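Since the structure comes first, as structure tokens, the remarks are kept for the end.
Every value quoted in this text rests on a predicted model; they were computed, and no experiment measured them. Just the heavy atoms: all of them, side chains too, but no hydrogens, waters or symmetry mates, feed the values below. One-based numbering, in listed order, for ligands and for the atoms of each.
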Amino acid sequence: MMAQNLPSVLITEPIPEAVVDFLSSHANITVGEKGRYSKEENLIEDIAGYDALLCMLSTPVTEQVLKTGRKLRIVANFAVGYNNIDVKAAHELNIKVANTPDVLTEACGDFAMALLLAVTRRFNEAEQYLRDGKFEGWEPLGFLGMELRKKTLGIIGMGRIGQAFANRARAFGMNISYHNRTRIDQKTEQELQATYIPNLEELFENSDVLSLNCPLTPETYHLVNKKTFDLMPNHSILINISRGPVVDEAALAEALNKGKIAGAGIDVFEREPVVHPDLLSAPNCTLLPHIASATYETREAIGLLAAEAILSVLSNKQDDQIPNLITA
Ligand code: GLV
């Protein structure tokens with residue numbers, strides 16, 4: 001039953017129960033049906049009465065949605081990346097926006113490492129071979145892959161997740177190079193023994209593994225494209241756990257099919273949930289359904305952090321008391 005006087009919060013998808021329970025003691029909660037609010041028109045239809053929105057990275061929080069949400073005070077994203085939200089429009093309408101950094105860093109670092117190992121050691125291909133009944137005995141030349149020790153991992157976007165990946169890759173004996181909008185502090189650079197490469201082309205040319213860990217912005221849209229695949233060595237591997245549109249997916253499929261690069265580990269796609277058909281049939285790529293942060297612990301922590309931001313706003317806390325507000 002709806003309690004009178006409590007604010008109302010729309011959670012756009014089912015999320016860990018602990019988060020819903022936590023919010024329920026302070027607000028009237030509606031949890032959306034899976035997938036319903038990936039469509040802008042459904043959100044526009046329903047948003048008007050809500051004081052707060054806890055949305056997914058798949059929820060298109062457009063200017064129109066925000067304008068229709070006349071009571072909205074905060075949009076909290078169940079994700080660190082927030083390219084799905086029109087932040088400028090939100091701020092113009094006096095709606096706060098929050099995301100969930102930090103709590104997913106380690107899960108994503110683990111995942112990037114796992115994906116890299118899966119691609120270089122050809123897990124998918126080899127498992128399929130076994131399942132197809134083709135394994136007839138140990139083969140000296142079967143499924144040879146690239147070893148990581150002494151190879152160069154080039155990271156584009158050396159924020160928290162980039163650093164978590166670098167840290168793990170160091171333990172596997174990799175050398176770290178990186179490009180970032182601004183150079184990271186010297187202490188962290190030294191700890192990771194990471195080399196800053198100001199010139200992106202140089203990073204593409206000299207990385208055995210290129211990893212994308214940057215946000216999606218107008219500057220990073222199709223940062224990896226036909227031209228950059230031409231720069232990458234033929235034996236190199238691309239890892240993308242950032243956002244799909246950072247890579248031109250058609251160009252990636254062509255690069256894999258033509259052997260311009262040796263493989264790819266891809267967790268994010270240009271038009272999720274659609275995957276480019278040429279990528280689905282391309283060789284040597286591990287394709288996963290955007291699951292880098294998908295651990296029980298992390299998904300609950302993400303939800304609780306977003307919920308905390310919502311409750312802070314609804315209880316009129318000062319901005320500096322609200323976790324992870326996006327200010328620009
Ligand atoms: C996941 O992709 C996130 O941005 O949290």
Does [X], backbone or side chain, put an N or O under 3.5 Å from an N or O of ligand 1?
{"X": "F78", "value": "no"}
{"X": "L104", "value": "no"}
{"X": "R243", "value": "yes"}
{"X": "H290", "value": "yes"}

Shortest non-hydrogen contact from D319 to L325?
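Smallest heavy-atom distance, with atoms named: CG-CD1, 3.8 Å.
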Taking the six-membered ring for Trp, are Y129 and F143 closer than 6.0 Å centroid to centroid?
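Ring-ring flag for Y129/F143: true, centres closer than 6.0 Å.
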What about Y196 and Y178, are their ring centers closer than 6.0 Å?
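Ring centres of Y178 and Y196 closer than 6.0 Å.
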Salt bridge or not between [X] and [Y]? Use side-chain N to carboxylate O under 4.0 Å.
{"X": "K134", "Y": "E139", "value": "no"}
{"X": "E45", "Y": "R36", "value": "yes"}
{"X": "R183", "Y": "E189", "value": "yes"}

Within the 4.0 Å heavy-atom shell around G81, which atoms of ligand 1 are there?
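Going through ligand 1 atom by atom, the ones under 4.0 Å from G81 are 3 (C), 4 (O).
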Just which atoms of ligand 1 are under 4.0 Å from any heavy atom in A79?
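Atoms satisfying the 4.0 Å criterion: 3 (C), 4 (O), 5 (O).
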Just checking, is any N or O donor in the side chain of T62 or E40 under 3.5 Å from an acceptor N or O on the other one?
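A pair is found: one side chain offers a donor N or O, the other an acceptor, under 3.5 Å apart.
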May I ask you to identify, for L57, whether its side chain, its backbone, both or neither come under 4.0 Å of ligand 1 on a heavy-atom basis?
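It is the side chain that touches ligand 1; the backbone stays farther off.
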Under 4.0 Å, heavy-atom basis, I'd like to know which part of T100 is in contact with ligand 1: side chain, backbone, both or neither.
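Neither part.
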Report the nearest protein non-hydrogen atom to atom 5 (O) of ligand 1: residue, atom name, distance rounded to 0.1 Å.
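So the nearest neighbour among protein heavy atoms is V80 N, 2.8 Å.
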